[in-house]
Amino acid sequence: MSELNFDGMAIAPGVLETIVSIALGDVEGVAAIGSSNAANRGIRQVLGGKPSTQGIEIELDDEGKLQISVHVDVYYGQVLPEVADRVRTAIADAVASQVGADVASVDVYIDGIQFSE
């Protein structure tokens with residue numbers, strides 16, 4: 001996806017991915033974004049740099065609205081539909097408040113469960 005234009009402002013896709021990543025970090029029950037396999041995580045995450053955007057995909061639909069897909073691991077014992085609802089709400093709220101963009105959908109893929117918080 002190339003730059004997105006909202007109200008005369010161009011936004012790079014990486015900026016949106018970072019906003020989504022930070023919003024996911026605040027959701028109760030989300031253990032990790034992207035792959036749970038530590039060998040597949042980037043050096044930035046290991047060293048505590050920028051938030052990981054692995055596992056986040058953002059596309060623009062025909063109506064100019066965002067379609068966001070996220071892959072997450074959750075903590076054992078969490079009610080999965082409730083975590084998915086919290087993820088959807090957190091992402092839609094963060095993107096709307098920080099960018100002013102309309103979110104058409106947020107697809108949540110739960111790829112794994114982690115057993116310790």
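Numbering starts at 1 and runs along the sequence shown.
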Applying side chain to side chain contact (heavy atoms under 4.5 Å, CB included), can you list everything that pairs with Glu82, at least two apart in sequence or on another chain? Val79, Arg86

Is any side-chain heavy atom of Glu57 closer than 4.5 Å to one of Glu17? no

In terms of heavy-atom contacts, Tyr75 and Val30 come closest through CE1-O, 3.7 Å

Which heavy atom of Ala104 sits nearest a heavy atom of Lys65, and at what distance? CB-CB, 3.7 Å

Report the residues that fulfil side chain to side chain contact (heavy atoms under 4.5 Å, CB included) with Ala96, sequence neighbours left out, ordered by chain and then residue number. none

Please find the pair of heavy atoms, one from Val27 and one from Ala90, that lie closest to each other, and give the distance. CG2-CB, 3.6 Å

CD1 of Ile68 to CG of Asp107: how many Å apart, nearest 0.5 Å? 9.5 Å

So, the side chain of Ser97 versus the backbone of Asp93: is there a donor-acceptor pair under 3.5 Å, distance only? yes

From Ser69 OG over to Ile58 CD1, what is the distance, rounded to the nearest 0.5 angstrom? 9.5 Å

Heavy-atom side-chain contact between Val108 and Val72 under 4.5 Å: yes

Can you list the steps and then say if Asp102 with Leu66 is a side chain to side chain contact (heavy atoms under 4.5 Å, CB included)? CA-CA 6 Å; Asp102 290 326; Leu66 297 173; over 6 Å; no

Joint cluster assignment, Tyr109 & Val74, ILVMFWY side-chain distance < 4.5 Å: no

Nearest atoms (heavy-atom pairs only) where Val83 meets Glu28: CG2-O, 4.2 Å

In this structure, CD1 of Ile91 is separated from CG of Asp26 (nearest 0.5 Å) by 11.5 Å

Could you give the distance from OG1 (Thr18) to CD1 (Ile56), rounded to the nearest 0.5 Å? 7.5 Å

Please round to the nearest 0.5 Å and tell me the distance separating atom CD of Gln54 and atom CD1 of Ile33. 10.0 Å

Between Ile110 and Asp73, is any pair of side-chain heavy atoms under 4.5 Å apart? no

